[in-house]
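All remarks here apply to the structure that follows.
Protein chains get the first letters and strands the later ones, always in sequence-line order, with residue 1 at the start of each.
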There are 2 protein chains.
Amino acid sequence: MKRDSRLSGVLHVLLHMAEHRHPVTSETLAKAMTTNPVVIRRIMAGLRDQGYVQSEKGHGGGWSIACDLSKISLRDIYHALGNPSLLAMGNRTEAPGCLVEQSVNAALGKAFEDAEAFLLARFGEVTLAALSADFHRRMLARGGTPQDLETIHAS
Amino acid sequence: MKRDSRLSGVLHVLLHMAEHRHPVTSETLAKAMTTNPVVIRRIMAGLRDQGYVQSEKGHGGGWSIACDLSKISLRDIYHALGNPSLLAMGNRTEAPGCLVEQSVNAALGKAFEDAEAFLLARFGEVTLAALSADFHRRMLARGGTPQDLETIHAS
DNA sequence: TTTCATGTAACTTCATATGTTTCGTGAGTG
DNA sequence: CACTCACGAAACATATGAAGTTACATGAAA
């Protein structure tokens, strides 16, 4: 299965934004992500609706963070993305008439459900602030203190 | 993401086969699953290679179980299918140069890895015999003792 | 008024599970 | 031997959804 990387992508964007005081344009973010500005706007739309980020048009416009990073978890971001599927597998049929399939669905369904809950719980444990702090630790270990996207990506 | 239902499908097939003493043809199984015989052969190929089932050509041929159901777990079946992706999400890039992305990957990657291990562990706890037993419990609760696919599916 | 940047719709591309057709091979039947 | 049955495998079609792209409208700042 092709894997959905929106969560990974949006976190990458957010952490970069956190390093900037001024709004960052979709185009700048897109370059850092080697993708298209429209893709950035698309994955940011949900976060804007939740008030986690804000966007401004015109000169000096772009995206900026509009929340306390220590209060937002990966789980919140996941929900802002619209709760995309976590698992690549699922039951063949829901509510089957076949008793055999009911047994299979019961066993697999419970395992799937628990695994999703497990993953969401993990997401809930990690705040954006924690991720940002981890990034700063890595940067110090590298001995640098770059302030802009280009430097971070060039490192 | 569209979900992979091969594991669900192959378990359904196996449990049906367990109810038969004689080989069951791909066509019969396909009808029960509302799919194509070729699809059945495709998902069964891995199990045959592992020796879990065997196939015979010609008159009276078809598929039959070639192992002790109590010794095979859902995890074994999963491996026989070729270890398809369990998660619908993944990191945007592996081994990124960007330190921000390294932090994101580390956090998400660990959560993904643990969730996969969790799910595989669950699979390992359930044997085919347990699934079959659950099916028989459901059948008794329904008050019937059907011996063939058609009856089971018609119920 | 010009430029910049987002908002949105529509389209293309790509990967992959699933479905289908076709032909070959071997096993049992008459 | 000829026929039928059933699997094996390749080739092709279909469907879904993420990701990438293009085009145009809207609004803000210079």
5' priority, DNA chain C, between Ile43(B) and Gly58(A) [closest heavy atom]: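 Its nearest nucleotide being more 5', the pick is Gly58(A).
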Check the orientation of Phe112(B) and Phe123(A). Use parallel for under 30°, tilted for 30 to 60°, and perpendicular for over 60°.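 Ring orientation of Phe112(B) relative to Phe123(A): perpendicular.
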Please say yes or no: joined through hydrophobic side-chain contacts below 4.5 Å, possibly via intermediate residues, are Val39(B) and Leu81(B) part of one cluster?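 No.
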Shared ILVMFWY cluster between Leu86(A) and Phe118(A), side chains joined below 4.5 angstrom?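 Shared cluster, no.
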Side-chain N or O of [X] closer than 4.0 Å to phosphate OP1/OP2 of [N]:
| X | N | value |
| --- | --- | --- |
| Arg3(A) | dT16(C) | no |
| Arg41(A) | dG7(C) | no |
| Ser55(B) | dG8(D) | yes |
| Ser5(A) | dA19(D) | yes |
| Ser26(B) | dC7(D) | yes |
| Thr25(B) | dC7(D) | no |

Atom-to-atom span, [atom1] of [X] to [atom2] of [N] - whole angstrom:
| X | N | atom1 | atom2 | value |
| --- | --- | --- | --- | --- |
| Leu87(A) | dA17(C) | CG | C1' | 16 Å |
| Lys31(B) | dG19(C) | NZ | P | 16 Å |
| Ile40(A) | dT8(C) | CD1 | P | 16 Å |
| Asn36(A) | dG7(C) | CG | P | 15 Å |
| His22(B) | dA6(D) | NE2 | P | 14 Å |
| Met89(A) | dT18(C) | CE | P | 9 Å |
| Met44(B) | dC7(D) | CE | P | 10 Å |
| Arg42(B) | dA9(D) | CZ | P | 12 Å |

If you check the [X] side chain, which of [options] turns out closest?
| X | options | result |
| --- | --- | --- |
| Arg6(A) | dT20(C), dA19(D), dA17(C) | dA19(D) |
| His59(A) | dA17(C), dG20(D), dA28(D) | dA28(D) |
| Lys57(B) | dG24(C), dT8(C), dA29(D) | dG24(C) |

Any donor-acceptor pair under 3.5 Å joining the side chain of Arg48(A) to the base of dG7(C)?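 Such a pair does not exist between side chain and base.
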Looking at OG of Ser8(B) and CG of Leu74(B), how far apart are the two atoms once the value is rounded to the nearest 0.5 Å?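 Atom-to-atom, Ser8(B):OG and Leu74(B):CG are 11.0 Å apart.
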If you compare all heavy atoms of Ser132(A) against all heavy atoms of Glu19(A), which two are closest, and at what distance to 0.1 Å?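 For Ser132(A) versus Glu19(A), the nearest heavy atoms are OG-OE2, 4.0 Å.
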